[in-house]
Amino acid sequence: MEEIKNNSVDSTKQNQEKNVATTEQATKQKDTNSKPQSNKNAAKPKRKVPTSGYGWNNDLLKAFDTNEKIQKERLNPHNKLNLKTNANVKITPLGGLGEIGGNMMVIETEKSAVIVDVGMSFPDETMHGVDILIPDFTYLRSIRSKVSGILITHGHEDHIGAMPYLFREMQFPVYGTSLPLEMIGSKFDEHKMREHKSYFRAIEKRKPIKIGDFEIEWMHITHSIIDCSALAITTEAGTIIHTGDFKIDHTPIDGYPTDFHRLAHYGEKGVLALLSDSTNSHSPGFTKSEKTVGPTFDRIFANAKGRVIMSTFSSNIHRVAQAIQRGLDHGRKVCVIGRSMEKNLDIAMRLGYVKFPKDQFIDAHEVNKYNDKEVLIVTTGSQGEPMSALYRMSIHEHRHIKIKPEDQIILSARAIPGNEAGVSEIINKLMNAGASVAYQDYTDIHVSGHAGQEEQKLMIRMCKPKFFLPIHGEYNHAVRHGKTGVSCGVLERNVYIMSDGEQVEITPKFMKKVKTVKTGKVYIDNQRNNKISNDVVIDRQTMANDGVVMIVAQISSDERKLVSPAKISTFGLTGGKGEKYLIAELEDILAHYLDNIKPSILENNKALEDELRKVVRKHCVRKYRKYPMIVPTLFVQ
């Protein structure tokens with residue numbers, strides 16, 4: 001044993017000596033063969049490699065450098081675009097920027113154009129007698145011959161509400177999925193335009209189709225309405241991704257999440273520009289899933305002692321479906337009230353988007369035949385609209401339903417900006433009637449349909465666009481979304497905050513504003529489905545804010561005096577004795593005006609009235625700080 005051990009030690013020593021000798025010999029040989037090289041051909045200094053330990057060698061460094069290159073290349077959108085082409089595409093928003101709603105956009109090449117959505121918006125409190133606002137179609141009239149079609153992303157009113165008014169003037173093929181097309185068709189029925197349904201073209205998602213110079217693909221996306229789509233719009237210049245309204249819901253009610261694979265597919269091919277929803281750009285984190293509302297409904301239904309009355313947006317079919325399912329689970333019959341609610345639910349059930357037994361639904365006149373604990377009422381009015389079913393119930397003017405103290409009201413919607421006062425008013429009326437109202441005291445009674453910042457980041461990272469144009473929302477929303485884009489690798493110079501009417505030209509090499517087109521809003525009286533001229537709305541605002549002065553007088557042109565005392569009336573300026581004093585002052589002003597008028601003006605009745613209007617307005621401004629509407633009617637004889 002000892003002999004074997006000694007032999008082993010000797011052998012080890014011999015090997016060590018042999019290795020040392022070999023190393024010394026190699027070193028000498030290297031020094032002998034090495035020759036000085038010129039600075040011109042000198043090799044660049046290489047990365048220092050650790051000599052001790054295992055884990056670093058030339059292969060690992062080479063792999064690291066290669067992967068660094070791969071990482072940079074996959075995040076670089078420039079190398080996937082055709083920088084040699086001279087093709088360009090122009091983008092012109094006609095609505096939806098600097099506002100919530102009214103979404104409409106034109107995307108065009110030299111020879112053809114497509115329109116993305118044709119939506120409406122709501123008026124503010126100063127627009128008296130105006131029910132809805134639609135975009136100005138002036139620019140569309142100028143490019144009418146090159147429009148190849150209308151692309152619909154989803155069925156919300158702010159994306160399809162102006163379609164009947166556009167089709168009164170111009171008709172184009174309309175491309176979209178079944179639900180939004182059916183909802184547009186319902187509007188055409190109301191407007192007695194049924195024949196225009198022949199322009200509908202139902203599409204298949206994930207299947208690109210040729211429309212003019214464009215190749216368009218609809219990609220499924222989640223939102224607060226069923227069957228929403230993002231658009232991949234491919235042109236010779238490159239591909240534009242238009243997200244429509246979206247959020248990233250991994251657990252949607254219908255089980256169809258956002259189609260990440262197609263979005264990422266285009267991101268890998270190279271995206272020229274991303275146009276993305278900015279509505280919730282100030283909201284950090286993720287927007288909650290629609291399914292989070294369900295457990296809140298469960299708690300409310302379990303504690304309800306009487307009828308449950310749930311109100312939400314009529315287009316939010318998944319929210320309505322969750323409420324109906326809870327009602328059925330608790331043994332309640334379902335009564336749907338409100339024209340838009342009935343229409344949208346009927347369309348969704350007829351097309352198969354939601355499925356419920358029809359024998360569990362009852363009409364409004366049948367509600368009183370059942371015990372209160374056996375009834376669920378689903379209705380419109382979550383925004384406090386004065387003509388809505390819920391509002392009429394709250395003031396006891398609904399034909400069949402009156403609010404009772406045992407009723408449990410669920411307002412499963414957040415107030416649209418500008419509607420806060422209306423929502424507060426209807427809550428007060430409901431509580432005054434004795435009902436319990438579930439609204440802000442439940443955190444998950446409503447979830448948004450728009451993406452928060454983290455979802456917006458995910459969209460940007462999937463698409464990896466060269467150019468980024470935030471859309472849909474007020475200016476501050478777009479600016480914030482632009483900053484999110486920069487944080488996700490988009491160059492700051494490649495982000496542009498558009499406004500309605502601005503036309504932006506994009507090529508693989510650059511993006512620039514080329515012109516501004518006429519845009520704005522057209523006022524609509526929804527009761528008669530007619531346009532209201534701007535002058536009429538301005539006159540209404542003037543009368544409401546500053547009052548009216550009416551003067552009727554008969555004038556002798558020879559004597560330049562009144563034939564008989566003038567009839568003067570005022571409204572909204574002053575009352576009581578103040579009105580009498582004002583009328584007396586105006587009579588004096590009229591007499592003085594006639595004494596000093598130029599004879600030639602008496603021959604022109606319009607000029608005579610215009611001059612009097614200016615004189616009276618100056619007096620009202622000086623004395624009352626008001627600009628009333630002056631209505632003079634003068635007869636010269």
Side-chain angles (χ1 to χ4, degrees), residues 153-156 158-159 177 179-180 205 219-230 243-264 276-302 310-330 344-345 348 352-356 378 382 410-416 438-463 472-473 477 481 484:
T153 60
H154 65 285
H156 271 149
D158 59 332
H159 292 258
T177 52
L179 183 66
K205 291 186 177 181
M219 302 171 287
H220 185 75
I221 209 155
T222 47
H223 182 39
S224 57
I225 187 174
I226 296 171
D227 208 1
C228 295
S229 304
T243 67
D245 286 353
F246 81 99
K247 72 175 182 179
I248 306 295
D249 192 341
H250 298 291
T251 56
I253 301 299
D254 59 7
Y256 299 129
T258 295
D259 195 344
F260 298 114
H261 302 83
R262 295 307 294 167
L263 289 163
S276 187
D277 176 15
S278 306
T279 309
N280 269 0
S281 60
H282 289 289
S283 300
F286 294 86
T287 301
K288 292 182 179 180
S289 170
E290 179 62 32
K291 277 192 174 178
T292 60
V293 177
T296 302
F297 282 173
D298 284 330
R299 293 196 300 274
I300 296 173
F301 274 85
M310 196 282 290
S311 182
T312 188
F313 297 108
S314 63
S315 60
N316 196 341
I317 303 299
H318 281 158
R319 186 75 49 82
V320 172
Q322 288 192 86
I324 291 174
Q325 188 59 57
R326 266 64 186 185
L328 297 178
D329 292 345
H330 286 81
N344 290 339
L345 185 59
Y353 288 100
V354 292
K355 299 176 177 66
F356 295 110
V378 180
S382 62
I410 303 173
L411 292 182
S412 185
R414 189 171 292 118
I416 295 173
Y439 181 52
Q440 292 180 331
D441 42 346
Y442 290 87
T443 55
D444 290 336
I445 203 167
H446 169 73
V447 293
S448 175
H450 297 274
Q453 289 176 0
E454 296 305 313
E455 295 151 279
Q456 291 174 344
K457 291 176 184 177
L458 179 57
M459 180 63 70
I460 296 166
R461 287 299 191 185
M462 278 193 295
C463 296
H472 297 178
H477 299 145
H481 199 184
T484 299

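Side chains included, hydrogens not; waters and symmetry mates left out as well; all remaining heavy atoms used.
More than 12 heavy-atom neighbours from other residues, nucleotides or ligands sit within 6.0 angstrom of CZ on Phe356.
Side chains of Asp158 and Asp245 form a contact here, defined as non-hydrogen atoms less than 4.5 Å apart. Within the 4.5 Å cutoff, the side chain of Ile221 has heavy atoms near those of the Met459 side chain.
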*Evaluate the salt bridge (charged side-chain N to carboxylate O under 4.0 Å, His left out) criterion for residues Arg326 and Asp298: first the C-alpha distance (whole Å), next the side-chain angles of each, then the deciding distance (0.1 Å), finally the verdict.*
CA-CA 7 Å; Arg326 266 64 186 185; Asp298 284 330; 3.1 Å; yes
*asked:* One pair to check against side chain to side chain donor-acceptor pair (under 3.5 Å): Thr292 and Asp444. What are the steps and the verdict?
replied: CA-CA 6 Å; Thr292 60; Asp444 290 336; 4.7 Å; no
_Verdict with reasoning, Ile410 to Ser311, per side-chain contact (heavy atoms from CB on, under 4.5 Å)_ = CA-CA 6 Å; Ile410 303 173; Ser311 182; over 6 Å; no
*Does the pair Ser281 and His481 meet the rule for a side chain to side chain donor-acceptor pair (under 3.5 Å), with working shown?*
CA-CA 5 Å; Ser281 60; His481 199 184; 5.8 Å; no
*Check the pair Tyr353 / Asp227 against side chain to side chain donor-acceptor pair (under 3.5 Å), numbers first and verdict last.*
CA-CA 9 Å; Tyr353 288 100; Asp227 208 1; 2.6 Å; yes
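In this structure, the separation between CE on Met462 and NZ on Lys457 is 14.5 Å, given to the nearest 0.5 Å. Taking CZ from Phe313 and CD1 from Ile225, the interatomic distance works out to 11.5 Å, rounded to the nearest 0.5 Å. Atom CG of residue Asp329 and atom CZ of residue Phe301 lie 9.0 Å apart, to the nearest 0.5 angstrom.
Between the side chains of Gln456 and Ser276, no donor-acceptor pair of N or O atoms lies under 3.5 Å. Between Thr258 and Thr222, the side chains place a donor N or O and an acceptor N or O closer than 3.5 Å (distance only, hydrogens not considered). For the residue pair Asn344 and Ser314, a side-chain donor N or O sits within less than 3.5 Å of a side-chain acceptor on the partner. Side-chain atoms of Ser289 and Thr251 include a donor-acceptor pair closer than 3.5 Å.
For His220, the ring pair (Phe, Tyr, Trp, His ring centres under 6.0 Å) criterion is met by no residue, not counting sequence neighbours. Contacts of Ser224 classified as side-chain contact (heavy atoms from CB on, under 4.5 Å), with partners at least two apart in sequence or in another chain: His156, Asn316. Remark: His282 engages Asn476 in a side chain to side chain donor-acceptor pair (under 3.5 Å) (not counting sequence neighbours).
Pairing each heavy atom of Asp277 with each of Phe246, the nearest pair is OD2-N, 3.3 Å.
Checking each of Met219, His154, Lys247, His159 against Cys228 for a side chain to side chain contact (heavy atoms under 4.5 Å, CB included) leaves exactly one that passes, namely His154.
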